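Structure first, then comments.
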Amino acid sequence: MPELPEVEVVRRGLEPLVLQRQIARISASGLPLRRPVPLAELRRWGEGARVTGVSRRAKYLLLHLDNSALLIFHLGMTGKFYPAVADDPPRKHDHLVLHLNDHANDGHGGRGASGQKVAQIRFNDCRRFGLVAVCAPAETTAPALLAGLGPEPLDDKAFTPAYLAQRCAHRRTPIKNLLMDNRVVVGIGNIYANEVLFAAGVHPQTPAGEISRARLKKICAAAREILTRAIAAGGTTIADFANAAGESGYFQVQLAVYGRGGQPCPRCGREIVRQVQAGRATYFCPRCQRPPKVISKNKEQKSGK
DNA sequence: AAGATGGCCTGAAAGC
DNA sequence: TGCTTTCAGGCCATCT
């Protein structure tokens, strides 16, 4: 389940494999991902171009090309990149292949471990929740996919307690839903939303507008700390990435509440509660994360009937 | 209009 | 043992 930390880890793993390499050819499975793969457009702008950068925005991976085009990838739930050489048998659920050219003057020849000239980067996505898109060079405005995205949670100039307070003001939506809204802040998925709220001691159903400034400050700090720690932990998988899809290190991250329904809270020992909120599994400690008053009242009313 | 809900998709695991 | 059901979740369309 790639959230911001894993996407960043993938970016770091991908960068040395494609930087300054020329894309010779692009092929696709033909199956649609979250939306159809724009193969003709990918070929038009991608083939023959050289990769000048690999960046990340939210959970999107961006391949910058020397013709100013942009290849945009989203891993969805199960998307992964893996390097291969031409002889490697295709794997089930390979949906896009970037065939890379050797470079005469790039200093290291771009040879894979096997020494074969043409390497490939394959995008494999079993559940097809991923996405591939192209932004043509002429498009001067930000790609539609990236327009309207909120700030990066690790950007301490943009994602501040003041900013979060402004976005929470007068909102009755539960804070967990708001943290997972990428118009408010990007990269925080279900797992990290649970973890951040536990660390900040805030009940996931608390209406966003009712949270004190002090708690919002804690939420900001917790998001930053947990995501940073997760990237560091995932960093150990970069070596794995070069061999295969490598997800192993991701789970080394210590998760305090996510997936621990019925287990004791690591802080107070009380049983972690699992409930479904906005259609997502939500975990919290009922002692460390006090429920908002409104919820308690509703419960009393219901049980009173 | 803000907030809630369902669909997309596959495979692992649980349930019967 | 073998089938069916459930669940995972980012994103978006659709509904209230």
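Model, not experiment: these values are computed from the prediction.
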Using a cut-off of 4.0 Å between protein heavy atoms and nucleotide atoms, how would you tag nucleotides 6-13 of chain B 5' to 3' with B, S and -?
-BBBBS--
Degree of bending, the helix from dA2(B)-dT16(C) to dC16(B)-dG2(C) (end axes from five pairs; round to 10°):
60°
What pairs with Tyr283(A) under ring-ring contact (aromatic ring centres under 6.0 Å, His included), at least two apart in sequence or on another chain?
Tyr258(A)
Check every strand shown and say whether Gly189(A) touches a base, only sugar-phosphate, or nothing at a heavy-atom separation below 4.0 Å.
sugar-phosphate
Integer-rounded Å distance: dC12(C) P and Met180(A) CE
14 Å
In this structure, how many angstroms lie between the P atom of dG10(C) and the CZ atom of Arg56(A), rounded?
15 Å
So Phe81(A) and Phe73(A), do their side chains get closer than 4.5 Å, heavy atoms only?
yes
Can you check the Gln277(A) CD to dA4(B) C1' distance for me, whole Å?
12 Å
Could you check which of dA4(B), dC11(C), dC7(C) has an atom nearest any side-chain atom of Arg274(A)?
dC7(C)
Please check if any side-chain donor atom of Thr52(A) sits under 3.5 Å from a side-chain acceptor atom of Asp66(A), or the reverse.
no
Are any side-chain N or O atoms of His93(A) and backbone N or O atoms of Asn124(A), one a donor and one an acceptor, separated by less than 3.5 Å?
no
Asn177(A) near the nucleic acid: base, sugar-phosphate alone, or nothing, with a heavy-atom cut-off under 4.0 Å?
sugar-phosphate
Using a 4.0 Å heavy-atom cut-off across all strands, classify Arg167(A) as base, sugar-phosphate, or nothing.
nothing
Length of the line joining His170(A):NE2 and dA2(B):C1', which is rounded to integer Å
14 Å
For Arg167(A) and Tyr163(A), which I'm curious about, is there any donor-acceptor pair between the side chains at under 3.5 Å?
yes
Sub-4.5 Å side-chain heavy-atom contact between Val257(A) and Glu195(A)
yes
Does Asn190(A) make a side-chain N or O approach to OP1 or OP2 of dG10(C) shorter than 4.0 Å?
no
Could you state the CZ-C1' distance from Arg183(A) to dG3(B), rounded to the nearest angstrom?
10 Å
Rounded to whole Å, CG of Asp181(A) lies from P of dA4(B) at a distance of 12 Å
